[in-house]
Amino acid sequence: MTHPPIDPEMDNEEKRSLELAGHVGFDSLPDQLVSKAVSQGFCFNILCVGETGIGKSTLINTLFNTTFESDEASHYLQDVHLRPKTYDLQESNVNLKLTIVDTVGFGDQINKDESYKPIVDYIDTQFENFLQEEMKIKRSLHNYHDSRIHICLYFIAPTGHSLKSLDLVTMKKLDSKVNIIPVIAKADTISKSELHKFKIKIMSELVSNGVQIYQFPTEDEAVTEINSTMNAHLPFAVIGSVEQVKVGNKMVRARLYPWGSVQVENESHCDFVKLREMLLRVNIEDLREQTHARHYELYRRCKLEEMGFKDTDPDSQPFSLQQTYETKRKEFLVELQRKEEEMRQMFVNKVKETEAELKEKERELHERFEQLKRMHHDEKRNLEEKRRELEEEMNSFNRRKVAAETLMGQALQSCSQQPFKKDKDKKK
Ligand code: GTP
Ligand code: MG
């Protein structure tokens with residue numbers, strides 16, 4: 001395929017900046033984008049990965065200041081499965097289609113080797129669904145329910161020691177597919193000094209195992225300061241509670257204990273506010289964008305490369321989708337012909353083999369027939385011989401019988417003549 005020639009003059013042409021003499025109107029473009037986006041609404045999908053009972057549902061309820069449906073998971077499940085639930089939320093005039101995906105049974109199996117797989121599969125399936133929609137002839141991406149996971153909240157048990165191997169393996173498997181924000185769950189169960197050391201330990205373990213967690217972006221000047229400060233606070237130590245407690249003359253969310261209370265939104269008690277600010281206020285759009293531009297892009301690239309599509313040919317020249325399609329089609333036809341020829345050859349060989357087998361069988365049958373014929377002939381000759389001998393025996397027997405009868409006749413005759421002669425002698 002040939003590409004249209006590029007006019008070198010046009011290519012080198014400098015773009016000039018011109019002053020407008022008056023108001024034209026295109027400065028309303030960003031407002032149009034905002035109002036269009038607002039009228040369409042937004043999607044945000046959160047994946048909660050953490051062992052049973054670690055506080056996933058409580059934290060999500062606390063984050064969104066509402067009560068979502070949640071069933072307590074059993075500790076006796078054979079494997080991990082994912083449970084997505086979608087809700088429509090509204091804040092001011094902004095509609096949010098929120099999907100919360102829970103990992104049910106995570107960390108409960110004796111053998112946890114495969115625990116990460118259902119999570120990876122779920123994330124890939126959402127990417128695949130989006131890719132399929134994108135590749136349709138008649139796409140409807142504007143009203144497509146985008147279920148790709150924008151953030152994975154990874155709940156770390158507050159052991160104060162280190163990460164578990166299951167945590168490291170799972171985060172390692174997920175880090176190229178999703179933005180991971182690790183959180184230390186039930187942080188009220190860990191002392192201040194222990195928490196500090198625990199955070200350092202977790203971060204160093206993540207680094208030494210090459211696990212890439214989501215970093216709040218620092219490129220945009222408006223958020224550089226806050227995001228870089230917050231990056232230093234990772235992983236956030238969080239507390240969840242839906243209980244309201246009166247502190248002074250205000251009702252606040254807290255957990256009550258016999259010795260006192262821990263306030264969820266008090267920044268000296270835990271990092272809950274930091275998490276909510278970073279996740280839902282400052283970086284929600286970056287999380288959505290990173291999901292599309294980084295994680296989905298990687299999935300799409302690998303998938304298309306797997307299917308044989310590429311952007312450049314072996315000489316690093318641009319290679320269009322059409323060319324790839326035609327090359328693939330040619331390769332396919334050549335392969336098809338080769339397969340056809342192979343099958344034809346196989347068929348001919350099979351026929352030849354069968355023919356040879358049949359001939360061999362025929363020869364064997366013929367030989368057997370000849371052998372039987374010879375046997376039959378010999379038997380017949382033997383029988384003839386026997387019959388001849390029997391006939392001869394019969395003849396000699398008959399001859400002897402006749403001779404014996406003759407002798408007997410003569411003997412009888414001579415016996416009957418002798419008394420008559422004696423009578424005659426007596427009369428004399
Ligand atoms: P499954 O959905 O069954 O896996 O559990 P989950 O991870 O959703 O945990 P859930 O939020 O249901 O909380 C389990 C228990 O932990 C409940 O008794 C909560 O009150 C308690 N809990 C939740 N968050 C915290 C916390 O921050 N600190 C403490 N101490 N307990 C908490
Ligand atoms: Mg739950």
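Please read these numbers as outputs of a predicted model, since none were measured by experiment. Both counts, for ligands and for their atoms, begin at 1 and track the order of listing.
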Novice: Assess whether side chain to side chain donor-acceptor pair (under 3.5 Å) is satisfied between Thr99 and Thr86, documenting all intermediate values.
Specialist: CA-CA 4 Å; Thr99 300; Thr86 303; 2.9 Å; yes
Novice: Would you give the length of the straight line joining atom CD1 of Ile226 to atom CE of Met278, rounded to the nearest 0.5 angstrom?
Specialist: 3.5 Å
Novice: Measure from atom 30 (N) of ligand 1 to every heavy atom in Asp188, Asp108, Val238, Thr52 and give the option owning the shortest one.
Specialist: Asp188
Novice: Looking at Lys164 and Glu51, does any basic side-chain N land under 4.0 Å from a carboxylate oxygen?
Specialist: yes
Novice: Going by atom types alone, do Glu341 and Gln337 pair a side-chain donor with an acceptor below 3.5 Å?
Specialist: no
Novice: Around the Mg ion (ligand 2), what protein N, O or S atoms are found below 2.8 Å?
Specialist: Ser57 OG
Novice: Judged by non-hydrogen atoms, does Gly53 sit under 4.0 Å from ligand 1?
Specialist: yes
Novice: State whether any protein heavy atom lies less than 4.0 Å from atom 6 (P) of ligand 1.
Specialist: yes
Novice: For Lys173, does the NZ atom sit with more than 12 other heavy atoms under 6.0 Å from it, leaving out its own atoms?
Specialist: no
Novice: Between the side chains of Lys328 and Glu331, is the shortest nitrogen-to-carboxylate-oxygen separation below 4.0 Å, so that they form an ion pair?
Specialist: yes
Novice: I'd like to know if Glu335 and Arg338 make a salt bridge, using a cut-off of under 4.0 Å between side-chain N and carboxylate O.
Specialist: yes
Novice: Would you mind listing which atoms of ligand 1 come within a distance below 4.0 Å of any non-hydrogen atom of Ile239?
Specialist: 27 (O)
Novice: For atom 3 (O) of ligand 1, what is the closest protein heavy atom, and at what distance to 0.1 Å?
Specialist: Ala73 N, 2.8 Å
Novice: So, are Glu384 and Lys380 salt-bridged, with charged N and O less than 4.0 Å apart?
Specialist: no
Novice: Heavy atom to atom 27 (O) of ligand 1, shortest distance: which of Gly240, Cys48, Cys270 holds it?
Specialist: Gly240
Novice: With atom 2 (O) of ligand 1 as the reference point, say which of Ala187, Ala185, Ser57 has the nearest heavy atom.
Specialist: Ser57
Novice: Based purely on interatomic distance, does Lys56 place a nitrogen or oxygen under 3.5 Å from a nitrogen or oxygen of ligand 1?
Specialist: yes
Novice: Considering only protein heavy atoms, which is closest to atom 9 (O) of ligand 1, and at what distance to one decimal place?
Specialist: Gly55 N, 3.1 Å
Novice: Is the shortest distance from a Lys or Arg side-chain nitrogen in Lys330 or Glu326 to a carboxylate oxygen in the other one below 4.0 Å?
Specialist: no
Novice: At their closest point, which heavy atom of Gly107 faces which heavy atom of Leu166, and how far apart are they?
Specialist: CA-CD2, 3.9 Å
Novice: Measuring from the heavy atoms of Tyr257, does anything fall under 4.0 Å of ligand 1?
Specialist: yes
Novice: Would you call Lys361 and Glu364 a salt bridge, using N to O less than 4.0 angstrom?
Specialist: no
Novice: For His196, does the NE2 atom have more than 12 heavy-atom neighbours from other residues, nucleotides or ligands under 6.0 Å away?
Specialist: no
Novice: Identify the protein heavy atom lying closest to atom 29 (C) of ligand 1, giving its residue, its atom name and the separation to 0.1 Å.
Specialist: Arg255 NE, 3.3 Å
Novice: Is there any N or O on Thr58 that sits under 3.5 Å from an N or O of ligand 1?
Specialist: yes
Novice: With a 4.0 Å cut-off on N to O distance, would you call Lys359 and Glu362 a salt bridge?
Specialist: no
Novice: Determine whether any protein heavy atom is located less than 4.0 Å from atom 17 (C) of ligand 1.
Specialist: no
Novice: Please say whether Leu59 places an N or O atom under 3.5 Å from an N or O atom belonging to ligand 1.
Specialist: no
